[in-house]
Amino acid sequence: MIDLRLVRENPDLVRASQRARGADESLVDALLAADAGRRAAVKAADDLRGEQKAASQAVKKASPEERPAVLEKAKALAAQVKEAEEAERTADAGLHALHLRIPNVVHPDVPPGGEDDAVEIRTVGEVPTYDFQVRDHLQIGEALGAIDMERGAKVSGARFYFLTGPGALLEFALAQLAITRAVAAGFIPVIAPALVKPEAMEGTGFTGEHDEEIYRVERDDLYLVGTSEVALAGMHAKEVLDLSAGPRRYAGWSSCFRREAGSYGKDTRGIIRVHWFDKVEMFSFCAPEEAEAEHRRLLQWEEEFLQLLELPYRVVDIAAGDLGTSAARKFDIEAWFPSQGAYRELTSTSDCTTFQSRRLQIRHRDADGKPQPAATLNGTLCAIARTIACLLEVHQQADGSVHVPAALRPWLGGHAVLTPGMSLAAVAAPGLPA
RNA sequence: GGAGGCUUCGCCUAGUCCGGUCUAUGGCGCCGCACUGCUAAUGCGGUUUGGGUUAAUCCCCAUCCCGGGUUCAAAUCCCGGAGCCUCCGCCA
């Protein structure tokens, strides 16, 4: 949630942010009114409580003769306090509900517009050309025995898949590469829970308008996460972190679940858009003044990873109307998908400033030693299924084999190419005694 | 799933039986000052977190795991819940 002081002191800034997002501007005035109402209610209740406290002390000190009268007064005050507290609760709940509905304030440099208005920042790598008919990742994956969509559908329904043989090994290779790189960069590797409580979901801003996207396990009041960001952010909820030595960074591994409710008919083929995939996610906690620099660093690590995979890509600055609830700014990296002749999102990094921290009560000590909300940032290091899809397409060869980038070979038996029908025995146990 | 124990202001801890100067004790740590060639030790003072109010200080309210209740008054009594620990059962 956003800083209420900012709303009080600079409501126009917040109104402008709402306008940029295409969100309801009048919420800001409703919030201001609710805030004023709450403060009045708090003051009324506080004052009454003070009086009641004094009255209560008086009861104890009263002589037997004056006692009944004093007690009567105290009783009357107790009733008034009860009423005032009820009003306070109501005002507080009203404010909170409105507060939750306002998304993060967008960064001033965010491009205006909606989904189609992302601004390209740079393009890296050559768009490859092929002197043969390109296949899509599913054709290639099926020929390799790497992807089995039909059986995925048989067992779990549409948008589910099996990764088999080289496909399964590719998942592990990508995971190893991602985690290894992250650890080398100073990230703490984490295996995070994929089921979380409602507070974690709400705290990261995924409930509310994105409710349709989320799997819910009603019986146990738990949610399946769409990204390990949820668990990683929740990890330090209600804590005061020591960030004096710089950002605290985690590389989280988890399965991710998405209902894809609004995407009927979109990417129905293959494993680009699925209900479940595994992902290595970067997550940073840092001082708010460091957030922008940290955002660039996360982007940098994402780019380096794609470069290791030898995938051509472009970086885009997402427009205000397409930002998530928690994000003040977001950069996506879109990699080239030859079968589509287009760049498609492969990773995404968001600067959530102090928005999630306020909800989750994640704080750090500022220069004066006072606890203040920390900034949180997240970025995809590797969304595995989609990355496999991209790898297969970009690195496909005329004979149906697939070039293996050097960075992945250590985990694929040193092989430079995946070939239909190849033996996996040598791949499965690299460097181990026979 | 069953039985029992525990949860106090960074950490440890007193207080809970028997409600009221609990405005929560003491230690450790931390900060400031004093003393001292330096360090250490010692002494004195300070040190929960929110909210309200304010130019700022002062001050006020809340806060003893969370939520209800009883009462003029709850860390303390009652009910519900969460987390941790021990044992039993079941399962990997």
Side-chain angles (χ1 to χ4, degrees), chain A residues 1-10 31-100 191-203 217-223 230-231 234-245 248 255 285 287-288 354-374:
Chain A
M1 65 198 132
I2 61 172
D3 188 352
L4 273 181
R5 247 169 320 176
L6 179 72
V7 184
R8 278 178 217 151
E9 287 162 17
N10 201 345
L31 187 70
L32 277 171
D35 179 47
R38 185 197 76 104
R39 282 189 287 164
V42 164
K43 177 134 179 54
D46 274 4
D47 290 349
L48 273 170
R49 262 192 297 262
E51 273 187 64
Q52 191 213 11
K53 235 171 132 173
S56 181
Q57 293 295 324
V59 169
K60 203 184 60 161
K61 289 181 195 139
S63 64
E65 306 83 69
E66 28 183 51
R67 204 181 148 83
V70 176
L71 195 62
E72 205 48 49
K73 192 186 161 211
K75 277 188 187 181
L77 270 169
Q80 285 181 56
V81 165
K82 207 162 188 171
E83 233 172 88
E85 283 182 338
E86 185 55 41
E88 189 182 2
R89 260 195 295 275
T90 306
D92 205 54
L95 173 68
H96 189 67
L98 275 168
H99 203 174
L100 282 181
I191 313 291
L195 278 165
V196 299
K197 297 190 199 178
E199 300 96 273
M201 265 305 176
E202 186 178 282
V217 184
E218 279 204 35
R219 185 170 161 157
D220 297 288
D221 201 19
L222 291 169
Y223 290 98
V230 178
M235 199 173 167
H236 289 303
K238 298 178 180 142
E239 292 183 29
V240 180
L241 297 171
D242 181 5
L243 298 174
S244 56
R248 180 171 322 203
S255 289
F285 299 90
T354 55
F355 187 84
Q356 294 178 329
S357 293
R358 279 176 210 284
R359 291 188 173 191
L360 292 166
Q361 296 171 61
I362 302 164
R363 295 175 296 171
H364 81 293
R365 291 193 187 277
D366 64 15
D368 298 327
K370 221 181 137 34
Q372 300 285 359

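Proteins come first, then strands; the chains are lettered A, B, ... in the order of their sequence lines, and each starts at number 1. Keep in mind that the numbers below use all heavy atoms, side chains included, and drop hydrogens, waters and symmetry copies.
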Distances for protein N or O near nucleotides 73-78 of chain B N or O, under 3.5 Å:
{"from": "rA73(B)", "atom 1": "OP1", "to": "Gln52(A)", "atom 2": "NE2", "distance (Å)": "3.2"}
{"from": "rA73(B)", "atom 1": "O4'", "to": "Ser56(A)", "atom 2": "OG", "distance (Å)": "3.0"}

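- Within the structure, the salt bridge (charged side-chain N to carboxylate O under 4.0 Å, His left out) test picks out no pair touching residues 70-79 of chain A (sequence neighbours left out).
- A salt bridge is absent between Asp242(A) and Arg365(A); no separation between the charged side-chain nitrogens and carboxylate oxygens falls under 4.0 Å.
- For the P atom pair drawn from rG15(B) and rC22(B), the interatomic distance equals 15 Å after rounding to whole Å.
- Here, rC61(B) and rA24(B) have their P atoms 13 Å apart, quoted to the whole Å.
- Annotation: side chain of Asp220(A) is not in contact with side chain of Leu195(A) (no heavy-atom distance under 4.5 Å).
- Listed nucleotides: rG50(B), rC61(B), rG52(B). Nearest to the side chain of Arg39(A): rG52(B).
- Taking the six-membered ring for Trp, Phe285(A) and His236(A) have ring centres closer than 6.0 Å.
- Listed for the Arg359(A) side chain is a donor-acceptor partner under 3.5 Å among the backbone atoms of Glu202(A).
- For the P atoms, the distance from rG19(B) to rA41(B) is 45 Å, rounded to whole Å.
- One C1' atom belongs to rA75(B), the other to rG20(B), and the distance between them is 13 Å to the nearest Å.
- Straight-line distance between the P atoms of rU7(B) and rC78(B): roughly 15 Å, to the nearest whole Å.
- For the pair Ala74(A) and Glu51(A), nearest-nucleotide mapping onto RNA chain B gives the more 5' position to Glu51(A).
- Following rounding to the nearest Å, Asp242(A) (CG) and rC30(B) (P) show an atom-to-atom distance of 14 Å.
- Summarising the geometry, the separation between CG on Asp220(A) and P on rA82(B) is reported as 12 Å, rounded to the nearest angstrom.
- Residue Leu71(A) places its side chain closer to rC72(B) than to any other of rC72(B), rA62(B), rG51(B).
- Taking atom P in both rC17(B) and rU54(B), one finds a spacing of 41 Å when rounded to whole Å.
- Separating the NZ atom of Lys75(A) from the P atom of rU70(B) is a distance of 13 Å, rounded to the nearest angstrom.
- Of the side-chain N and O atoms in Arg365(A), one or more sit less than 4.0 angstrom from OP1 or OP2 of rU49(B).
- Note on Lys53(A): only backbone sugar-phosphate atoms sit closer than 4.0 angstrom, heavy atoms only; bases stay farther off.
- In this structure, Ser357(A) contributes its side chain and Pro373(A) its backbone to no donor-acceptor pair below 3.5 Å.
- Pair assignment for rU53(B) gives none, since no Watson-Crick or G-U wobble pairing has each distance under 3.5 Å.
- At the phosphate of rG52(B), OP1 or OP2 sits under 4.0 Å from a side-chain N or O atom of Arg38(A).
- Nucleotide rG1(B) forms a pair with rC88(B), judged by Watson-Crick or G-U wobble geometry with both contacts under 3.5 Å.
- Atom pair Gln372(A):CD and rU49(B):C1' shows a separation of 13 Å (rounding to whole Å applied).
- Across all strands shown, rG20(B) is found opposite rC72(B) as a Watson-Crick or G-U wobble partner, with both distances under 3.5 Å.
- A straight line from CG of Leu48(A) to P of rC61(B) spans 12 Å, rounded to a whole angstrom.
- Using a 4.0 Å heavy-atom criterion, one finds that Lys82(A) contacts the sugar-phosphate atoms exclusively.
- When the P atom is compared between rA3(B) and rG81(B), the two are found 12 Å apart, to the nearest whole Å.
- Rounded to whole angstrom, the span from the CZ atom of Arg8(A) across to the C1' atom of rG51(B) amounts to 10 Å.
- With respect to Asp35(A) and Arg8(A), a salt bridge is recorded, a charged nitrogen being found less than 4.0 Å from a carboxylate O.
- Other residues, nucleotides and ligands contribute over 12 non-hydrogen atoms within 6.0 Å of the CD atom of Glu199(A).
- Considering only the side chain of Val59(A), rG20(B) comes nearest among rG20(B), rU49(B), rG51(B).
- For the pair Gln80(A) CD and rC72(B) P, the computed distance is 15 Å after rounding to whole Å.
- Between the side chain of Asp46(A) and the base of rG51(B), at least one donor-acceptor pair of N or O atoms lies under 3.5 Å.
- Listed for the His364(A) side chain is no donor-acceptor partner under 3.5 Å among the backbone atoms of Pro371(A).
- Of the C1' atoms belonging to rA55(B) and rC12(B), the separation is 42 Å, rounded to the nearest Å.
- Arg49(A) and Glu85(A) are joined by a salt bridge, as a carboxylate oxygen and a charged side-chain nitrogen come within less than 4.0 angstrom of each other.
- Base pairing annotation: rC65(B) forms a Watson-Crick or G-U wobble pair with rG81(B), both donor-acceptor distances under 3.5 Å.
- With a cut-off of 3.5 Å on both pairing distances, the Watson-Crick or G-U wobble partner of rG29(B) is rU47(B).
- Residue Arg5(A) contributes atom CZ, which lies 12 Å from atom C1' of rG50(B) at whole-angstrom precision.
- In terms of position along RNA chain B, the nucleotide closest to Arg363(A) lies nearer the 5' end than the nucleotide closest to the other residue of the pair Arg363(A) and Asp47(A).
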